[in-house]
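Below: the structure, in structure tokens.
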There are 2 protein chains.
Amino acid sequence: MRTPPPRIDPSADLAPESHFLPPLSAELIAVIVAVTGDSPRILTLDRGLTLPSGPLETGHRSLQAGVRSWVERKTHHALGHIEQLYTFADQDRLEDSEPKQVISVSYLGLTLEATASGDPGVGWQGWYRYFPWEDHRLGRPLVLDPILDTLDTWVHRAASVEIRRARMSRVRHTFGAKGEPWNEEWVLQRYELLYEAGLVEESRRRGYRNHPAGRLATGEGMQHDHRRILATGIARLRAKIKYRPVVFELLPESFTYLRLQKAVEALAGRRVHKQNFRRLIAFQNLVEPTGGIENQTGGRPACLYRFRRAVLQERMMVGSKLPLAK
Amino acid sequence: MRTPPPRIDPSADLAPESHFLPPLSAELIAVIVAVTGDSPRILTLDRGLTLPSGPLETGHRSLQAGVRSWVERKTHHALGHIEQLYTFADQDRLEDSEPKQVISVSYLGLTLEATASGDPGVGWQGWYRYFPWEDHRLGRPLVLDPILDTLDTWVHRAASVEIRRARMSRVRHTFGAKGEPWNEEWVLQRYELLYEAGLVEESRRRGYRNHPAGRLATGEGMQHDHRRILATGIARLRAKIKYRPVVFELLPESFTYLRLQKAVEALAGRRVHKQNFRRLIAFQNLVEPTGGIENQTGGRPACLYRFRRAVLQERMMVGSKLPLAK
DNA sequence: CCTATTATGCTCACTCTGAGCATTAAATGC
DNA sequence: GCATTTAATGCTCAGAGTGAGCATAATAGG
């Protein structure tokens, strides 16, 4: 098509600061999500302290293939959906400053919950254990009160009026205080705010000044920045269920509308209007009746449905709108 | 808070296939976007054949800081917005199979177009040069006709009825054929489809069977997978302008509504209804009048506005809705 | 049979959006 | 000066989509 012109060495232009390359290694970290009943869960090691992770190997054709092969061995379930979350290489991520540089690539995966493998410490944990303020299904959670109080003193400790104003409006908008609406997607922003304000264990570990209010119940901590990665995953998933039909990866072959709704509510951390939810699902032609009936409902029996997997082929991008728009 | 339990070595469980770690290096690749008049442009090297890239250095505090420092030296402009696109490590990315493994982290950056540096081969290229079928501002582009014709023969060359059906519906939905609407966000899906069908230079290079129709005008190619990365960047940007106020990073301090609209149209590759566009912008309180007047408009002079940068602080997540919803 | 419980069907008001008509304010050509 | 052209700006209206709630159906348990 054309003869390639002489190539300019890009590094000569673009990477001036240092040409010393330290030993580099790559690590894969996975947020593996399942839903049991109305509890959203994640796969953890170390009794809930870390997310599953491991080095990138040559045996893996791609990053995604690497994560997939791990998790399928671990859960004995096919990973329904997998997507990349974020790549970090910040040197200040490391708690002990090694000379070695690590690139961490994080992934979000959806699956059905399986019995945990026999290893001690490996298992599923409800994610609201780490983010108790994120569960608004029974209304505004009470943990928010002490959190907002403490954030308020953080706002007033600001060095200047501008900083105080900025902090105040940030708290207002991320946490939905003072009449602002709660937006369930801003999981990461809320965690980062708590981190900066020194209200989570991880930031206290990192030498952020301890808050005078002392220990506040702000969820379980995790090692390294794993809780931050988890927040990223939850935020991504909460956003994604609104426009892609990924919830179905968390459900068995056949399910009732209510079970589907409970899964959505578990992920989103808020409740939805039942009739409108049904209307939206029915209208989009994403599911078809199996013909079966579930009569362990406690009331009128419910029709069973299955996800029409064909839609994924038909339209690569199906809009699975959910009544979570706000 | 708790005593850490004995850590399980994650690699023992999670990375079974090989423990040989090859020499690893990390590369940063940037899609730097600017808008000049009504042309969306990207910064390129090698006379348009490659995107700017370079190795990750220890001097960089983080991946993002690395990209930022490059680009600011290159363009002499502050990068307004920068975000990570995707991380690849697929070994089949490499054209010559080296033993060395490379992780490529790609970024999207927005800036104002500056005069290109003096280096030969370095400069700005309109992005529709690489994706001529993506520009629908003057209606459906004519290049689509031969492309769809050739895709049609690809559909009919399918080995089985199922594959043919799947191919046909994929073409229909990604390219908006046969009454389906055109969705400007599916840039990557369209490029991948053309790649698989052997209709772009890059796939012909990679040994995909050459199509009998021979050479088809499917835009300029790039080296390696840079055109694929560019497609990812365009898709991301087209999606993002609809819900975050990032367009303003591509505009000077003060601008008219029309200029703002032209920038949006350039990025989205489609036109929007002028009055509704104004209504939406005005309603969202994203801009404020500077008081100035632009009278080189050719008609009635237009008011000048500036972006209210304060909104970025006030609300970390501002919805900058644009009339591109569809 | 009555009540509790859940499933399911349907209505209604409100908002958002696409589309177009109408008016205003300049430059340009006669 | 005046008509014409060009673009900016203001406003209306119909249709789609959504939130909220009422009403009915079908089961289990007393």
Side-chain angles (χ1 to χ4, degrees), chain A residues 37-38 136-137 139 181-184 241-243 254-265 268 270-305 318-326, chain B residues 37-38 136-137 139 181-184 241-243 254-265 268 270-305 318-326:
Chain A
D38 51 8
H136 287 230
R137 284 175 293 178
W182 173 266
N183 187 325
E184 75 278 356
I241 53 172
K242 292 177 193 166
Y243 63 96
S254 88
F255 48 83
T256 64
Y257 272 147
L258 185 61
R259 173 138 190 202
L260 175 60
Q261 182 182 344
K262 290 292 181 197
V264 167
E265 291 177 334
R270 37 177 282 220
R271 278 200 285 194
V272 300
H273 186 280
K274 186 190 256 190
Q275 295 94 316
N276 292 345
F277 182 81
R278 310 180 102 262
R279 174 175 62 186
L280 218 48
I281 299 297
F283 179 70
Q284 291 177 91
N285 207 25
L286 292 172
V287 299
E288 60 193 1
T290 65
I293 293 283
E294 165 69 58
N295 41 16
Q296 305 306 310
T297 55
R300 170 173 168 176
C303 293
L304 285 169
Y305 295 87
V318 246
S320 149
K321 291 172 70 177
L322 292 177
L324 294 166
K326 202 42 350 101
Chain B
D38 52 9
H136 287 231
R137 284 175 293 178
W182 174 265
N183 187 326
E184 75 278 355
I241 53 172
K242 293 177 193 167
Y243 63 95
S254 87
F255 48 83
T256 64
Y257 272 146
L258 185 61
R259 173 135 190 206
L260 175 60
Q261 183 182 345
K262 289 292 182 197
V264 167
E265 291 177 333
R270 38 177 282 221
R271 278 201 286 196
V272 300
H273 186 280
K274 185 190 258 192
Q275 296 93 314
N276 291 344
F277 182 81
R278 312 180 101 262
R279 175 175 62 186
L280 219 47
I281 299 297
F283 180 69
Q284 290 176 92
N285 206 26
L286 292 172
V287 298
E288 60 192 1
T290 65
I293 293 284
E294 165 70 56
N295 41 15
Q296 305 307 312
T297 55
R300 170 174 169 176
C303 293
L304 285 169
Y305 295 87
V318 246
S320 150
K321 291 171 72 176
L322 292 178
L324 293 166
K326 207 24 10 89

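In what follows, chains carry the letters A, B, and so on, assigned in the order in which the sequence lines appear, proteins first and then strands, with residues in each chain numbered from 1.
- Remark: P of C:dT15 and CG of B:N276 are 18 Å apart, rounded to the nearest angstrom.
- The nearest whole Å value for the distance from the NE2 atom in B:H273 to the P atom in D:dA8 is 14 Å.
- Here the shortest heavy-atom pairing between B:R271 and B:E265 reads CA-OE2, 3.4 Å.
- The CG atom of A:L304 sits 15 Å away from the C1' atom of D:dA26 (whole-angstrom rounding).
- In this structure, OH on A:Y305 lies 13.0 Å from CD on A:E294, to the nearest 0.5 angstrom.
- For the pair A:F277 CZ and D:dT18 P, the interatomic distance rounds to 13 Å; values are reported in whole Å.
- Spacing between atom CD of A:Q261 and atom C1' of C:dT6 amounts to 12 Å, rounded to whole angstrom units.
- If you take CD1 of B:I281 and P of D:dG10, they are 14 Å apart, rounded to a whole angstrom.
- Nearest-nucleotide mapping onto DNA chain D: of A:R300 and A:Q275, the residue sitting toward the 5' end is A:Q275.
- Distances from the side chain of B:R279 to the nucleotides D:dT18, C:dA25, C:dG18 place C:dG18 closest.
- Nucleotide C:dA25 holds its C1' atom 18 Å from the OH atom of B:Y257, rounded to whole Å.
- A close approach under 4.0 Å does not occur between any side-chain nitrogen or oxygen of A:K274 and OP1 or OP2 of C:dT6.
- Distance CG/A:L304 to CZ/A:R259: 10.5 Å, rounded to 0.5 Å.
- One distance of note links NZ of B:K242 with CD of B:E184; it measures 3.5 Å at 0.5 Å rounding.
- Atom CD of B:Q284 and atom P of C:dC16 are 11 Å apart (whole Å).
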